[in-house]
Every structure is written in structure tokens, then in C-alpha cells.
Amino acid sequence: EINRLNQLISDILYLAKPPKSIESVFDISNMLYDLAYAVSTDPSCRDRIKVETELTSGLYVRGDPSQLRQMFWNIIINSVQAIRGKGRILIRSSILQNDSGRQAKVSIEDTGIGIPPDVIDSIFDPFFTTKEKGTGLGLTIAHKIVESHEGKIRVDSEPEKGTVFTITIPMVSSLEVEG
């Protein structure tokens, strides 16, 4: 309970006053690979969850690596918690070209319990949770981080089949990568 309360306080403080952003240009796929490795080697996941990646290198974005790592981690941990027994998490990255320009597109797909249709529109709301020990702030923080990086986050889910979070973040030009 003390750990849960400490996390709750940390999350509330983050929402009230996010830490100062330290921006850099980096390849988001490298970060995703590191996170996938961390989850796949964690003793609580190693024997029951298969973590797969389909990553496109060269997805350079401008942002705060620490904040983006936290956002992806929050989503991946939700996937881990949604998987009952054995399951799979697939982390993909690709380039999306649309009217807004080139975007880094990341999807995190799990074979977990899914999100009921009657609550899916509330999952980014502060303090909303379906978990017994959840704070209801992890996805709120993830949403805020994506928006602060001028990106978008979407969720698609089917109960008992799994969930897919899709995040798009603007890519930088090749001139910014070289500079």
C-alpha cells in the first residue's frame, strides 16, 4: 500500500507540474527495442509473455527521451497486466506519411483481456481504472506526454482478444538528424 500511495503521489505531482523537458533528436525504435528487451527478460514475464518486435530504424523524433520512455513503459506495463496466463506483446514501428508530414507510428499490441466497449472512452481520464490496485493515472500521463510531443494516441480493443495502442509522433527532417 505504501508503494501504491507513493506512485499515486508521484503521478499526481507529474500531472500538476510535469518535469522540465530536455529535448533531443533520437531514433524512437532504439528506445522501443530496449523496452522490449527489458520486459522480455523480466522474471515475471519471461516464461509467460512472448515479446516480439517489428521495428523500422531511422524513426528520428524530437522530444524528451525520458518522458517518451515513461509513456511507452506505461502502455507496455498495461499490456503485461492485461495478459492472464500466457500471451504475446507485439511492438511495431513504421513511418506514416499523411497530411501532417512524416510521422513515427508505434503500435503496442497485446493478447490480453481487452477493454470493455463501455469504458474505452474513459481510459485516458484521470483516476479511471478497472484494476484493483491501479491509480488510474498511467494512461492519463501517457496521453499527456504524447500530446506534449504534438502526437496522437489511439486505442482499439476487443474484449477477450486484446488491445492495440497506436501512437504517432512527428518525425524530424533528415537535416535535423545530421545537424
Please tabulate, for the side chains in residues 77-86, all donor-acceptor contacts under 3.5 angstrom to protein atoms that are two or more places apart in sequence or on a different chain.
| residue | atom | partner | partner atom | Å |
| --- | --- | --- | --- | --- |
| N78 | OD1 | K131 | NZ | 2.7 |
| S79 | OG | I75 | O | 3.4 |
| S79 | OG | D110 | OD2 | 3.0 |
| Q81 | OE1 | K131 | NZ | 2.5 |
| R84 | NH1 | Q81 | O | 2.6 |
| K86 | NZ | D47 | O | 3.1 |

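- No side-chain heavy atom of Y60 sits under 4.5 Å from any side-chain heavy atom of I28.
- Around CZ of R154, the count of heavy atoms belonging to other residues, nucleotides or ligands within 6.0 Å does not exceed 12.
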Would you please test E109 and R88 for side-chain contact (heavy atoms from CB on, under 4.5 Å) and show each step? CA-CA 8 Å; E109 179 180 338; R88 186 189 96 193; 3.6 Å; yes

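- Taking the side chain as every heavy atom from C-beta outward, T140 and D125 never approach each other to under 4.5 Å.
- Cluster annotation: V155 is connected to I76 through the hydrophobic network of ILVMFWY side chains, with a link wherever side-chain heavy atoms come within less than 4.5 Å.
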Stepwise side-chain contact (heavy atoms from CB on, under 4.5 Å) test for V51 and C45: CA-CA 9 Å; V51 180; C45 301; 5.9 Å; no

Review item, side-chain donor-acceptor pairs of residues 30-40, under 3.5 Å, at least two apart:
| residue | atom | partner | partner atom | Å |
| --- | --- | --- | --- | --- |
| S40 | OG | A36 | O | 3.1 |
| S40 | OG | Y37 | O | 3.0 |

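- Between the D27 side chain and the G58 main chain, a donor and an acceptor come within less than 3.5 Å of each other.
- With no hydrogens or angles considered, a side-chain donor-acceptor pair links S29 and S93 at under 3.5 Å.
- Hydrophobic clustering keeps L90 apart from L96 (ILVMFWY residues linked when any side-chain heavy atoms are closer than 4.5 Å, directly or through intermediates).
- Using a cut-off of 4.0 Å between Lys/Arg side-chain N and Asp/Glu carboxylate O, E147 and K152 are scored as not salt-bridged.
- Side-chain contact between Q97 and Q103 is absent, with no heavy-atom pair separated by less than 4.5 Å.
- Residues S100 and P170 fail the side-chain proximity criterion, which asks for heavy atoms closer than 4.5 Å.
- A single hydrophobic cluster is seen to contain both F26 and I91, as judged by linkage of ILVMFWY side chains at heavy-atom distances under 4.5 Å, directly or through other members.
- Listed by chain and number, the residues in a side-chain hydrogen bond (donor to acceptor under 3.5 Å, both in side chains) with E54 are R92 (sequence neighbours excluded).
- Looking at M171, R102, K105 one by one, the single match for side chain to side chain contact (heavy atoms under 4.5 Å, CB included) with L59 turns out to be M171.
- Interatomic distance, E150 CD to T168 OG1, rounded to the nearest 0.5 Å: 11.5 Å.
- Within the model, atoms CD1 of I22 and CD of Q67 stand 9.0 Å from one another, a figure rounded to the nearest 0.5 Å.
- From T53, atom OG1 reaches atom CD1 of I108 across 12.0 Å, with rounding to the nearest 0.5 Å.
- Residue pairs satisfying the salt bridge (charged side-chain N to carboxylate O under 4.0 Å, His left out) criterion with at least one member in residues 67-80, sequence neighbours excluded, are absent.
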In residues 159-166, what donor-acceptor pairs under 3.5 Å come from side-chain atoms, sequence neighbours left out?
| residue | atom | partner | partner atom | Å |
| --- | --- | --- | --- | --- |
| T163 | OG1 | S157 | OG | 2.7 |

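- Under the side chain to side chain contact (heavy atoms under 4.5 Å, CB included) test applied with I153, the options I145, L139, V146, I169 reduce to a single match, V146.
- Legend: residues meeting ring pair (Phe, Tyr, Trp, His ring centres under 6.0 Å) with F124, ordered by chain and number and at least two apart, are H143.
- Side-chain contact between V61 and V172: absent, with no pair of heavy atoms (C-beta onward) separated by less than 4.5 Å.
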